[in-house]
Trainee: 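Take this structure, written in C-alpha cells, and hold onto it; I'll ask about it next.
Here is the naming used below: chain letters follow the sequence lines, and residue numbers restart at 1 for every chain. The shown structure was predicted, so the numbers you read here are calculated from the model rather than taken from an experiment. Any value given below was found using the heavy atoms of this structure, including those in side chains, with hydrogens, waters and symmetry copies removed.
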Amino acid sequence: MASAATEPAEAFKPYKLKHNLSGHKRAISSVKFSDDGRLLASASADKTACTWSPSDGSLLQEYQGHDQGISDLAFSSDARYLATASDDKTVRLWDVATGSLVKTLSGHTNYVFCVNFNPQSNMLVSGSFDETVRAWDVKSGKCLKVLPAHSDPVTAVHFNRDGTLIVSSSYDGLCRIWDASTGHCMKTLIDDENPPVSFVRFSPNGKFILVGTLDNTFRLWNFSTGKYLKTYTGHVNSKYCISATFSVTNGKYIVSGSEDNSIYLWELQSRKIVQKLEGHTDTVVSVSCHPTENMIASGALGEDKTVKIWTQED
Amino acid sequence: MMNAPIIDPLQGDFPEVIEEFLEHGVMKCIAFNRRGTLLAAGCADGNCVIWDFETRGIAKELRDDDCLAAITSICWSKYGHRILASAADKSLTLWDVVKGEKIGRTTLQQTPLQARLHPGSSTPLICLVCPVSSAPMIVDLRSGSTTVLPVSLPDTGNGLAPPSRNKFSDGSAPFTPTAACFNKYGDLVYVGNSKGEILIIDHSKIQVCGVVQVPGASVIKNMVFSRSGQYLLTNSNDRTIRIYENLLPLKDGLKALDESNSGLDELDGVEKVKTIGSTCLSLFREFQDSITRVHWKAPCFSGDGEWVIGGSASKGEHKIYIWDRAGHLVKILEGPKEALMDLAWHPVHPIVVSVSLAGLVYIWAKDYTENWSAFAPDFKELEENEEYIEREDEFDLMPDTEKVKESDVNEDDEVDIMTVEKDSAFSDSDVSEEEICFLPADPTPDAPEQQDKCVGSTSKLADSAQSGSPLSDEAGQNGHAVNQSSSPLEGMDNSAAEDTGGTRLKRRRRPSDKVMELQVEKVKKSSQRMKPSDDLP
C-alpha cells in the first residue's frame with residue numbers, strides 16, 4: 001500500500017481492549033507476535049515465557065527452565081523456535097510447539113538483555129549487560145562473533161530485513177550499525193546530547209531506525225545520512241527500556257509503551273498522538289503489532305503483570 | 001546492496017588473506033549458489049555437503065549410499081532448487097536441495113569431469129557433461145539419453161555435424177578432454193577443442209553456428225563465462241588465460257546467431273561459421289606468468305566480472321593469481337603448500353574459496369582492519385599526520401555563542417518506511433521464481449547432560465563423523481569452521497602491531513607467507529583450545 005501524500009481525513013479508528021491475558025507471576029518484560037501472526041509470546045521476570053493465541057487469548061504453552069528472569073524473547077521466522085534472553089546470562093532456544101528446551105547458548109558474562117533472530121533464522125543476535133553483542137549460529141549454538149559494541153549495557157539488538165545489518169543501542173548513548181557477515185562496525189549514530197538509548201529497531205524497509213531514549217523521546221533516524229527525520233514525544237520514558245514498533249496494517253503509526261501506564265500511538269508522518277490506550281496499572285514496557293491484522297499486544301510491569309490485546313473492532 | 005552507502009570505499013575489492021577454513025572429510029570441488037549464501041562441496045567419499053556460508057556451518061548433507069567414488073564436479077540450478085554431482089564412478093546424480101533427497105542418477109560411459117545444469121531454468125531438464133576422454137555431450141536428466149556435441153568443424157556443407165558416439169568428428173582418437181560451457185541463458189554451448197578453436201553450438205539442433213580460432217592454437221582446457229554473461233574466459237595449454245568479450249545479446253543469443261546465419265548464404269560452410277564467429281566473440285585480454293610459465297587451473301571471474309583469478313596448477317603450491325580485467329596482476333595469494341584443486345569467487349562479496357589437495361576449503365577475504373571512524377563519527381581517519389592549525393579564538397570562552405542545536409531537519413517531510421529497493425546485483429532475478437537462499441536451520445538439541453554446562457556445543461548425534469582431524473569434538477560434529485581471527489576484537493590486537501606504513505592505501509601490512517603458513521598451522525593445532533565461550537580478555 002503506497003503511503004498517501006497526506007494522511008486521509010478519514011477518522012482514525014480507536015483501538016479497544018480485546019483480551020486480558022493474566023498468568024505471569026511477575027513483571028512482563030517483552031511481548032512479540034510471530035511472523036505469521038498465529039502466536040503471541042510473552043516473557044516475564046518470573047523466569048518463564050508463554051505463548052498465547054491472539055484470537056481468543058488462550059494460553060498455549062509455557063517455557064520453563066531459566067534460572068533467572070527473562071528480559072526479551074524472539075520467534076524464528078517459521079515460528080518453530082523461540083529464543084529467550086535471561087538474567088541467568090544465557091540465551092535459550094525452545095521448541096514452540098512442545099515447550100521443551102532445545103539449546104542453551106552460553107558465553108555472555110552478565111545479564112542478557114535483548115535478543116533477535118535474523119530473517120533467515122540461521123543466526124541469532126543478543127545484547128547484554130556485559131556491553132557486548134554476540135552473534136550465534138542457531139544450528140550448532142556456537143557463538144560466531146563477539147562485537148565490542150558499547151561501553152554500557154546493550155539495550156536492544158535488531159537485524160534489518162535482509163539480515164545484512166545489525167543495529168544495537170546502549171545506555172552509553174550510542175546506536176551502532178554492524179555488518180552482520182563480518183561483524184565490523186559500519187556506523188555510529190550520536191547526537192549532541194547523548195541520553196541513554198533504551199531501544200532501537202529498523203523500519204520495515206531497513207532504511208531507517210526508530211530510536212528510543214530515556215529523555216521521553218523517540219526519533220526516526222536515517223542511519224546512512226546520520227540525521228534524524230522525525231521526533232515523537234508526549235509519553236513518559238526515563239527509567240525503563242520501553243520498546244516501540246511500527247504499525248503498518250492500517251495507516252502508518254509508531255506505537256510504544258510508557259511509564260504513565262498507557263500505550264501511545266503517533267501518526268508516523270505528522271507525529272501527532274492519535275490515541276492513548278489506557279488500562280494497564282503499571283509501566284507498559286513492551287508492545288508488538290500483529291503482522292497482518294490491526295492488533296496490538298502490550299505487556300506491563302510488576303503491579304500489573306498482564307498482557308493485553310487491543311483491536312480496532314467495535 | 002542495502003548497506004552500500006555506509007561501506008568504506010577505501011577497501012579494495014579482492015581478498016588478501018585466509019580468513020577461515022572449512023573441513024568435512026576430504027572435499028574435492030565446490031560451487032556457490034547464485035547469491036553466495038550456500039556453498040556446495042563434493043567429497044572424496046561420494047557424498048556432498050552444503051555449507052551455510054553465513055554461519056560457516058553445515059546446512060545439509062547429501063549422503064549417497066550408491067556412490068562411493070570421488071565427486072568430480074558439483075553444480076547448482078539457477079535458483080538453488082537442484083544440485084548436480086558428477087563422480088569418478090561415471091555417475092551423475094541430481095539432488096532436490098530442500099528435501100535433501102536424490103531425484104535421479106545416470107551412469108555414463110565415461111567418467112564426467114565436469115557437469116553443468118542448464119542455467120536458464122529453475123528445474124533444468126538437461127545438463128552439459130565433459131567426460132574425461134570424449135566429446136562433450138548433452139544429457140537428458142529424465143531419460144538419461146546422451147547427445148554428443150561436435151568438437152570440430154565438418155569438412156563440408158552447411159555446418160551440421162554428424163552425431164558421433166565414439167570419436168571426435170574429425171576422426172582423431174578420443175583422448176583429450178574438451179572444455180565446454182553454456183552461455184548465460186543456456187541457448188548456446190561454447191566448446192573449446194584441442195586445436196584451440198571455440199565452437200559456438202546450437203545444442204538443440206547439434207549445429208555449429210560459429211567458430212573462433214584462439215591465438216596459439218593450443219588445447220583449450222577450461223571455458224567459463226562471467227556471471228553477467230558478458231565475458232568468456234579460456235584457459236589454454238599454452239599457459240595463457242584469454243578473455244573474450246561476448247558480442248551477442250545476452251538474452252537471445254541464439255536468435256541473433258540464426259539471423260546472422262541467414263544473411264550469409266553466399267559463403268560456404270567453413271567461411272560462414274568463421275565469419276559468424278567473429279561477430280560473437282572478440283579477444284579482449286591475455287594473461288600469463290611469463291616468468292614462472294605456470295599452467296593455470298580452475299580460472300574464473302569475480303562476481304562482478306571486474307577481476308579474474310586462476311590457480312597455479314603446479315603441485316606442491318597453493319597459489320591464486322588475481323588480475324583486473326585490464327590484465328594487471330594485482331595479487332598473488334599463497335596458501336599452505338598443498339596443490340590447489342578448485343577455486344571459486346563469491347558471487348557478491350570480495351571473497352574467494354579454494355580447495356586444497358588435502359580436502360580443506362580455504363576462505364580468502366579482505367584483510368580488514370577496523371574502520372575507527374565508524375565507532376566515533378566525529379573522528380576522521382588520516383593517512384598521514386596533518387598539522388593542526390588553531391583558530392585565534394580556539395580557547396576563548398564565548399558563552400553567548402555556545403553551539404545552539406539548530407535542527408535543519410524539516411520534520412514534516414514524508415518518510416517512506418516501507419519501500420524496498422531492488423538489489424542491483426541480482427537484476428536478472430525472475431521475481432516469479434522462488435529462490436532458495438538458505439536452508440532452514442534447526443538447532444541441534446543439546447545433549448541432556450550439557451544443558452547445565454557453560455558450553456554451547458553440539459550434540460553427539462553426528463550427521464557426520466568423518467573428520468579424521470585432530471580438531472576438537474565441539475567443533476567437529478557438524479563439520480566446522482576454524483577461525484583465524486574470529487572476532488573483530490582479536491583483529492584489534494593484531495592491528496596494533498607491525499604497521500610499516502609503507503603502502504598508503506592499505507591499513508595493515510600483509511603478513512609474510514611464512515607467517516601466514518605458521519598461522520594456519522597454529523590454527524589447525526590450537527583449535528582444540530578455541531571454545532565458543534571464549535570471552536574477551
Side-chain angles (χ1 to χ4, degrees), chain A residues 3 5 78 81 93 101-107 109 120-123 132 137-148 160-162 164-165 176-177 179 181-190 192 203-208 220 223-224 226-231 246 248 252 268-269 271, chain B residues 1-3 5-7 37 52 54-59 349 365 368 370-371 374-378 403 405 409 411-420 437-446 450-451 453-458 474-475 477-478 480 486-489 492 532-536:
Chain A
S3 56
D78 57 9
Y81 299 99
L93 281 171
L101 172 63
V102 180
K103 229 161 170 59
T104 300
L105 311 182
S106 307
T109 55
Q120 303 90 310
S121 296
N122 59 352
M123 273 171 50
T132 66
D137 174 9
V138 168
K139 197 158 194 196
S140 63
K142 249 175 31 162
C143 177
L144 298 171
K145 297 213 166 44
V146 182
L147 311 184
N160 66 346
R161 65 179 297 279
D162 61 7
T164 52
L165 297 176
R176 289 200 159 119
I177 312 274
D179 179 324
S181 57
T182 61
H184 294 117
C185 181
M186 295 281 105
K187 193 116 185 175
T188 299
L189 293 174
I190 189 167
D192 283 340
S203 64
N205 61 3
K207 284 206 201 131
F208 307 101
L220 190 67
F223 60 85
S224 311
K227 290 197 150 48
Y228 64 85
L229 303 171
K230 301 276 183 193
T231 307
F246 296 88
V248 299
K252 310 269 184 305
L268 177 81
Q269 306 295 354
R271 295 108 55 216
Chain B
M1 287 215 311
M2 290 213 62
N3 46 353
I6 53 177
I7 282 186
T37 51
D52 177 328
E54 292 173 339
T55 62
R56 309 283 163 92
I58 291 195
H349 298 312
Y368 189 108
E370 220 48 74
N371 173 12
F375 280 92
D378 46 350
K403 198 157 53 151
K405 170 85 184 165
V409 174
E411 291 213 11
D412 292 322
D413 285 342
E414 274 268 307
V415 175
D416 178 1
I417 58 166
M418 299 301 290
T419 311
V420 179
C437 296
F438 58 93
L439 294 170
D442 289 315
T444 318
D446 287 339
Q450 283 177 317
Q451 301 267 351
K453 280 203 222 148
C454 267
V455 173
S457 66
T458 62
E474 63 187 62
Q477 286 307 328
N478 276 341
H480 74 281
S486 59
S487 75
L489 194 66
M492 267 164 74
S533 51
D534 250 358
D535 291 328
L536 313 175

Trainee: Heavy-atom distances under 4.5 Å only: say whether B:Ala59 touches chain A with side chain, backbone, both or neither.
Mentor: backbone

Trainee: Considering non-hydrogen atoms only, spot the tightest contact between B:Ala441 and A:Tyr81 and give its length.
Mentor: O-CE1, 4.4 Å

Trainee: If you measure from NE2 on B:His349 to CG on A:Asp179, what distance do you get to the nearest 0.5 Å?
Mentor: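 B:His349 atom NE2 to A:Asp179 atom CG measures 7.5 Å (nearest 0.5 Å).
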
Trainee: Just wondering, do A:Lys139 and B:Thr55 contact through their side chains at under 4.5 Å, heavy atoms?
Mentor: no

Trainee: Measure the spacing between CG of A:Asp137 and CZ of B:Arg56 and express it to the nearest 0.5 Å.
Mentor: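 Between atom CG of A:Asp137 and atom CZ of B:Arg56 there are 11.5 Å.
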
Trainee: Distance from B:Asp442 atom CG to A:Lys103 atom NZ, nearest 0.5 Å?
Mentor: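 One gets 11.5 Å once the value is rounded to the nearest 0.5 Å.
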
Trainee: Side chain, backbone, both or neither: which part of B:Phe375 has an atom under 4.5 Å from a heavy atom of chain A?
Mentor: both

Trainee: Tell me, for A:Leu93 versus chain B, whether the close heavy atoms (under 4.5 Å) come from the side chain, the backbone, both or neither.
Mentor: side chain

Trainee: List the steps, then state whether salt bridge (Lys or Arg N to Asp or Glu O under 4.0 Å) holds for B:Asp413 with A:Lys230.
Mentor: CA-CA 9 Å; B:Asp413 285 342; A:Lys230 301 276 183 193; over 6 Å; no

Trainee: Tell me, out of A:Ile190, A:Leu189, A:Val138, who's got the most heavy-atom pairs with chain B below 4.5 Å.
Mentor: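 Maximum pair count with chain B is reached by A:Val138.
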
Trainee: Can you check whether A:Ser181's main-chain N or O pairs, donor with acceptor, with B:Glu54's side chain at less than 3.5 Å?
Mentor: no

Trainee: To the nearest 0.5 Å, what is the distance between CD (B:Glu414) and CG (A:Leu229)?
Mentor: 11.5 Å

Trainee: I'd like to know if the side chain of A:Lys207 reaches the main chain of B:Val420, judged simply by a donor and an acceptor atom lying under 3.5 Å from each other, with no hydrogens or angles considered.
Mentor: no

Trainee: Could you tell me the separation between the CD atom of A:Gln269 and the CD1 atom of B:Ile417, rounded to the nearest 0.5 Å?
Mentor: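 Going from CD on A:Gln269 over to CD1 on B:Ile417, the span is 7.5 Å.
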
Trainee: Between B:Asp52 and chain A, which part of the residue has a heavy atom less than 4.5 Å away: side chain, backbone, both or neither?
Mentor: side chain

